[in-house]
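Letters go in sequence order (proteins before strands), and every chain restarts at 1.
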Amino acid sequence: MTRCQVTGVPTGAGKRSPGGFHRYGAVESSAVTNPSSERGQEAADVDLPTQYQPANVEGRLYERWVSRGLFTADPARDPSRPAYSIVIPPPNVTGSLHMGHALDHSIQDTLVRRRRMQGYEALWVPGMDHAGIATQNVVERELAKEGKSRHDLGREAFVERVWRWKGESGGRILGQMRRLGDSVDWTREAFTMDDARARAVRTIFKRLFDDGLIHRAERIINWCPRCLTALSDIEVEHADREGELVSIRYGSGEDELVVATTRAETMLGDTAVAVHPDDERYRHLVGREIELPLTGRRIPVVADAHVVPAFGTGAVKVTPAHDPNDFEIGRRHGLPSLAVLDERGVITAPGPFEGLDRFEARPAVVAALREQGRIVKEVRPYEHSVGHCQRCSTVVEPRVSLQWFVTVAPLAKAAGDAVRDGRVAIHPPEMAARYFEWVDDMHDWCISRQLWWGHRIPVWYGPDGETVCPGPDEEPPAGWTQDTDVLDTWFSSALWPFSTLGWPDRTPELERFYPTSVLVTGYDILFFWVARMMMFGLYAMDGAEPFKTITLHGMVRDQHGKKMSKSFGNVVDPLDWIDRYGADATRFTLLRGANPGGDVPVAEDWAQGSRNFCNKLWNATRFALINGAHVRGELPEDVTAVDAWILSRLQTVIAEVDGHLESFDFAKACEALYHFAWDEVCDWYVELAKVQLADGRAGATRRVLGEVLDKLLRLLHPVVPFVTEELWTSLTGSGQGTDTIVTAPWPEPDRARSAPAAEELVASLQRMVTEVRRFRADQGLKPGQKVAADLEWNGSPLAAHEDGIRSLLRLTEPAGGFSATASLPVEDVKVHLDTAGAIDVAAERKRLEKDLAAARKEIGQARGKLGNEAFMAKAPEAVVAKNRDRLAQAEADVRRIEAQLAALPTA
RNA sequence: GGGCGCGUAGCUCAGGGGUAGAGCACUCGGCUUACAACCGAGCGGUCGGCGGUUCGAAACCGUCCGCGCCCACCA
């Protein structure tokens, strides 16, 4: 007796419990007896639950994988093996994982697991991002509930509090990654603010500083009046807003000109009016001064090519302190910069508006102008784009201040070239356009933030304003004070591909795993993160790119393609699905929808479908185990056409799935697996195997069944790791040299198994079976009802499968005096069915006539083509041949159907 | 304002010069001992409109209509 191990099978009697399955017992493993006999259908005494229960499997398997170190990569192990590495896009410590993460992680896990099975030294580095503003905002909100601000705590205590909060939130995220099944190397977990990463930040900052690529300057930057910090260009989101365009008369009499503005309140800070140098209308005013309403100040009229004469009145008010364009104009003309708003967007200009918020001041200024008579020429509604803080949606205020910048031009050039040169591939390729758009036209990057949570800028100031940037292991001079700002959170994220591998040290990890193999992320952070990693990776690693391929996936959406958002109420929590349908089903649903470059719609129904698919795999394997399927020894040479067919199909599917995964086409890989597993293996092969098991071919069938499931489960493992591990270890026992599918060899196609003749034969068999079933269904013959039939094979090779066909169609042998009442010539075979005289002639005639019309139409179309001279002259031979086949097939159909009609009893 | 992409079955999406596809939904019939989280059989589309190229267009080109996303310093 051999024993087939099935872990976690239920205890209890063999009868089905009311829920349709048994509860798992506490028994870790119980034996399923496997018939050693090769005779017939000696059913094994198997007692498996009839439904897959992920909750009973996932946690146990994950802990086992981790404790056995299956996910731990070792840079020193067998240097001849190729290396494969991915660094995780570190989730923000704020909040929890959402469906977008689940998709991102499912893709990475699929890639890494496949490579691991292929024998690569595979490393997937986990970690989290400290997420500067976002995290600080969360903790500040928490404090606000206690009626406190961060200033009440002071910097040190506040940062300590954020660390504490990070500990709790981060732990939750790591738990969610375990639930998803992420095969990350937990021994290398990193955080963008831990000591190792802090050292990397200090090191690269110092290098950039010394290379003159970091500088401090007073410039106009994006400022969030709520977060009270500078923002980089990409942290500003533009949205169209309804506003008012106010036309105001400046100057008077001959001096008068009209300017239009959407921000009337900033006129208090105007220091000029600009017109285009070639604009005849205003030429006489250039160089003169005109009076600025409300203030009584006189401001010059300057000529600047930036002004578009055709827009509005062709005259622009210039507020260098509060508008980026005006700032530049001011610089060009040496205009003073007069700030009239403070850091919170409150008017500071002395006078009636002082103390008003910018949005209160705007109508107030207009009202005041109106009081003075005809100064306001016109007010009209005006839709224009307004910048908002990405983190809190507050309208951004351009502000002149002293900030730190990275000079990006040389870095961005290198980042663009790496893709242009083909050293880094972007997938799907259309996305490269967006990348270039950004990289080729990038402004200097403002990296200082007036926050407390983040890497503090490693620059110290001396008593006389001297500046020093010490390296990570150097001390600043005693008594000097450090810059109070912190770095943009993307600064440390940009180092991620090498900081996680030990940089700046030349670690074995860095040697072996850099450049990383692929970066997987959503197209939404191509600019934020990917381009910056490219810049810093190429810079820090002496021109070595951070990853060889960038693959971008879409956003997870609801079943109507709508973005998931809290306000819509259509957000799905991946943990909820994992709880109810399992991690595998959740992953499968996401990957099945992951068409390259496209967004990924998901819905409850689809998760259920994926859950059902996992259950299907479970039951197919359960059937196989009950019937003694195994993987011992070579495949038998003497197999039936049905066996040859499924083995042939298996080779094709292996090649297809492998190719799809290689090209990041997860949807197609899933599609191929789903179709093969369900439609071919379960619906046809398993059904035909039942016959073979019963008719003396049990030995070979058990081995083939074992083979098919073995390879299929391995192919599926990267996508649905849990159920495949559970089933595969049961199926294969421990005789495979590995007792986990995690490191089982990735299947490779075996061309020798290709059997086109068998595939064609089974296709015929399927057509025949389907046709008879159709007839039975149309005639209202109960599916379970046995029907006497006589089969005329006419030399068809299908004759070899008569038993199978009879079994599938529930046909009995004619008992003695057979008298056919219905005759179906299908394929080359004739089926005479004894329908007990209950045949619905009218229905069948209608049906056949419809089919006949369709076949005749086919003939018409094919003849049309074949009779068309131009077609015959120009169409490729293959197409012509196809049409000949089509014609022949249709003609055969017509003959068959006509025979069937003729055979129908007359009413 | 610039760039990219999309309109194919009721829904979500594949396909991409040579007979229109999948999943879900829907209709009909079945608890056929692996699985009712299942099985079997069906219904369903002039591939957004109009022109053009071609022997042949859902696919290629042009144009129009509708939609989405990204970038953007014309007040």
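Atom pair A:D304:CG and B:rA75:P shows a separation of 16 Å (rounding to whole Å applied). For A:H384 and B:rA72, the NE2 to P distance is 17 Å, given to the nearest whole Å. Computed from coordinates, the A:W606 CH2 to B:rA25 P distance equals 12 Å when rounded to whole Å.
Looking at A:R263 and A:H322, their side chains never bring a donor and an acceptor atom within 3.5 Å of each other. With 3.5 Å as the limit, one finds a donor-acceptor pair spanning the side chains of A:Q608 and A:Y581. There is a side-chain donor-acceptor pair under 3.5 Å between A:T266 and A:K317.
Residue A:T770 places no side-chain N or O under 4.0 Å from the OP1 or OP2 atom of B:rG40. Distances shorter than 4.0 Å separate some side-chain N or O of A:K616 from OP1 or OP2 on B:rC39.
Comparing the P positions of B:rA57 and B:rG51 gives a spacing of 13 Å, expressed to the nearest Å. On the P atoms, B:rU53 is 43 Å away from B:rA72, given to the nearest whole Å. Taking atom P on both nucleotides, B:rC13 is separated from B:rU8 by 10 Å, rounded to a whole Å.
Within the nucleic acid shown, A:E437 comes within 4.0 Å of at least one base atom, counting heavy atoms only. Among the atoms of the strands shown, only primed sugar atoms or phosphate atoms (P, OP1, OP2) are found under 4.0 Å from some heavy atom of A:P601. Within 4.0 Å (heavy atoms only), A:R580 reaches no atom of the nucleic acid at all. At the heavy-atom level, A:F613 lies nowhere under 4.0 Å from the strands shown.
The side-chain tip of A:K690 points at the ring of A:F623 from less than 6.0 angstrom away and within 45° of straight on.
Checked by distance alone, A:Q51 brings a side-chain donor or acceptor within 3.5 Å of a matching partner on the base of B:rA37. In this model, no side-chain donor or acceptor of A:Q779 finds a partner on the base of B:rA41 within 3.5 Å. With hydrogens and angles left out, the side chain of A:R611 and the base of B:rA37 share a donor-acceptor pair within 3.5 Å.
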